[in-house]
Amino acid sequence: MSAPAPAGGRGARPGAVLTGVGVGTGTAVGTAVVLAPPARPPADEPAPADALAAGAAVRAAFAAVASTLRERARSAGTAAAQVLQAIALMAEDPGLLAEAERRLDAGDGPATAVHEAVETFCAVLVAAGPHLAERAGDLRDVGERVVAHLLGLPPPGLPPLDGPSVLVAGDLAPADTAVLDPARVVGVVTERGGPTSHTAVIAAQLGIPCVVRAEGALGLPAGARLAVDARTGTVTCDPPDDLVADLAARSAARRRLVRGAGGPGRTADGLPVALLANVGTLEEAERAAAARGAEEVEGVGLLRTEVLFLDRALAPALEEQADAYARVLTAFGGRPVVVRTLDAGADKPLAFAPTGEQGNLALGLRGLRTARRHPQLLTTQLQALAAAAARTRTRPSVMAPMVSTPAEAADFAARARAAGLAEAGAGIGAVVEVPAAALRAQALLAAGLDFLSIGTNDLAQYAMAADRLAGGLADLLDPWQPALLQLVALTGAAGAAAGRPVGVCGEAAREPLLALVLVGLGATSLSMAPAAVPAVRAALARTTAATCRAMAAAALAADSPQRARTAAAGLADPQVLAL
Ligand code: PEP
Ligand code: MG
């Protein structure tokens with residue numbers, strides 16, 4: 001392979017290599033599509049010198065946006081076309097234009113006038129009730145497009161994609177990531193974010209190789225060919241042919257190793273370790289349920305219900321929730337499904353569950369704690385799940401995020417029972433993602449829980465006091481940190497002592513070598529982005545339970561994440577290292 005050019009910066013040159021933090025081990029080659037940030041009017045935009053000309057420019061900008069949206073609607077699928085047509089109509093709304101012109105007359109600059117007019121109308125929509133409130137987001141999108149047009153900037157949001165594309169952005173909101181089409185977006189590169197930020201998690205979920213924290217990414221030229229290597233965390237602009245061939249050979253080797261290795265997860269000597277899917281949308285759930293062969297999963301270990309409702313202005317009603325859960329339960333038939341109650345707050349704010357002014361979102365009201373302020377949300381959700389279980393005659397499990405004390409565990413279990421979930425035969429559990437929960441795992445189980453599931457993403461964040469969104473602290477957030485492994489070991493031991501299952505549902509479970517260590521630390525199931533299941537199954541099939549335990553002991557005894565990984569790797573079958 002030819003020597004890489006020096007790392008990029010603004011305006012990265014062909015051949016430049018940017019380094020960030022890779023998510024997963026996948027590779028991708030595609031065309032750079034740079035996501036423009038939303039256009040905002042300049043803070044000090046002057047009043048127009050020629051009001052008539054400014055009025056004409058504003059009218060022309062609205063018309064141009066409407067026409068672009070209609071054009072996109074013509075080439076979109078039916079459902080998307082309807083949405084785009086409806087948004088185009090908003091850009092032609094005479095009332096909106098009149099309000100913008102009124103503001104121009106009052107002395108606002110053109111972009112400011114449009115922005116303020118849109119905000120006025122959004123306030124009216126929100127005040128008009130649930131249905132119209134949902135349209136405020138669409139109207140803002142129109143406003144940002146018109147403002148971008150006036151300022152001569154590229155339109156915000158994802159442009160139409162012609163072929164395999166690598167999406168490049170400063171950062172992506174979870175709501176934007178969730179709607180990416182993996183058939184077109186083959187890679188994601190962001191300047192900000194962290195390896196366990198929810199955006200990265202959702203990208204992994206979609207099976208999209210991702211490099212976050214790639215400094216200088218926004219300087220990558222749109223339209224350039226990019227090679228993304230999540231294992232090394234590198235992004236190469238206009239890659240040489242030998243690198244492209246190398247990446248292709250690697251994914252082919254990996255595919256060979258995992259081919260045909262279907263069936264339930266078990267170690268080489270037969271210890272069952274259920275391989276489950278982490279899912280966040282109904283489409284993902286249905287795709288995971290339908291997968292067969294190496295891709296097959298044994299159930300759902302984590303349904304992130306907040307992802308289902310990220311874009312909602314108002315809380316979804318019981319019936320709507322019940323329908324959504326029933327769809328997942330039906331898709332999985334009799335297979336186990338673990339539904340996590342809303343994990344709102346921190347980097348997954350839900351408009352319908354406001355947490356108020358908080359200095360530090362990650363340490364404030366989030367997860368189960370939001371029920372302190374919005375108890376009815378939790379009650380409705382539990383009742384909706386009980387209704388879905390009854391309707392589908394299945395027995396889903398339910399778990400609460402961010403449980404910190406046995407009292408919280410007992411309270412959650414009582415609420416789940418009161419909602420009728422115990423009668424439905426559902427298991428009731430908690431996500432262990434606060435160190436206090438790991439330290440007191442035995443007490444949590446004794447408080448009335450049937451199982452625990454370790455969320456290594458947040459557990460790492462809270463154990464190391466390192467914001468999971470702060471990619472600059474990725475070394476502390478490394479899931480091989482022996483301190484994190486020790487908390488997993490404590491939880492695993494508590495489960496074994498109580499005879500109750502302890503799964504892992506954090507991103508750590510999808511790294512094949514680490515998955516073996518987690519099993520050695522006592523994990524009885526592993527839940528991950530479905531795309532990661534084949535490699536983890538293959539790793540388990542080549543390793544005995546005793547080797548998993550030996551690897552766990554070696555990793556625990558290490559004094560750094562690097563040494564922990566090396567120690568475990570030294571005991572692994574060489575083929576596992578190629579996965
Ligand atoms: C975790 O924290 O590990 C977890 C599974 O939950 P989330 O990533 O959704 O916070
Ligand atoms: Mg979490």
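On a predicted model such as this, the values are computed, not experimentally measured, just so you know. Read the numbers this way: they start at 1 and go in the same order the structure lists the ligands and their atoms. Position 1 is the first residue of the sequence, and the numbers go up from there.
Within the 4.0 Å heavy-atom criterion, neither part of I454 lies near ligand 1. The proximity of M528 to ligand 1, defined as any non-hydrogen pair under 4.0 Å, does not occur for either the backbone or the side chain.
Of the polar atoms of G455, at least one N or O is found under 3.5 Å from an N or O of ligand 1, judged by distance alone. Annotation: E306 places no N or O atom under 3.5 Å from an N or O atom of ligand 1; distance criterion only.
L459 approaches V434 most closely through the heavy-atom pair CD1-C, 3.7 Å. Minimum interatomic distance between A288 and V279 (heavy atoms only, all atoms of both residues): CB-CG1, 4.3 Å. In terms of heavy-atom proximity, A552 sits nearest to G520 at CB-C, 3.6 Å.
For D323, the side chain to side chain donor-acceptor pair (under 3.5 Å) partners are R391, not counting sequence neighbours. With sequence neighbours left out, the side chain to side chain donor-acceptor pair (under 3.5 Å) criterion links R417 to no other residue.
Near R340, meaning under 4.0 Å from any of its heavy atoms, are these atoms of ligand 1: 4 (C), 6 (O), 7 (P), 9 (O). For ligand 1, the atoms closer than 4.0 angstrom to any heavy atom of D343 are 10 (O). The R468 neighbourhood of ligand 1 comprises atoms 2 (O), 7 (P), 8 (O), 10 (O), with distances under 4.0 Å to a heavy atom of that residue. Applying the 4.0 Å criterion to heavy atoms of C505 picks out, from ligand 1, the atoms 5 (C). Of all atoms in ligand 1, numbered sequentially from 1 with element shown, those under 4.0 Å from a heavy atom of L302 are 5 (C).
Crowding of R335 atom CZ: a count of heavy atoms from other residues, nucleotides or ligands under 6.0 Å exceeding 12.
One side chain, D458 or Q461, offers a donor N or O that lies under 3.5 Å from an acceptor on the other. A donor atom on one side chain and an acceptor atom on the other are not found under 3.5 Å apart for Q321 and T380.
The atom of E433 that is an N, O or S and sits closest to the Mg ion (ligand 2) is OE1. Closest approach between the Mg ion (ligand 2) and any N/O/S atom of D458 involves OD2.
Formation of a donor-acceptor pair under 3.5 Å by the Y462 side chain with backbone atoms of A362 is found in this model.
The heavy atom nearest to atom 2 (O) of ligand 1, considering only V504, L459, D458, V434, is found in D458.
The closest approach between Q461 and ligand 1 stays at or above 4.0 Å for every heavy atom of the residue. Contact analysis leaves E507 out of contact with ligand 1, as no non-hydrogen atom separation drops below 4.0 angstrom.
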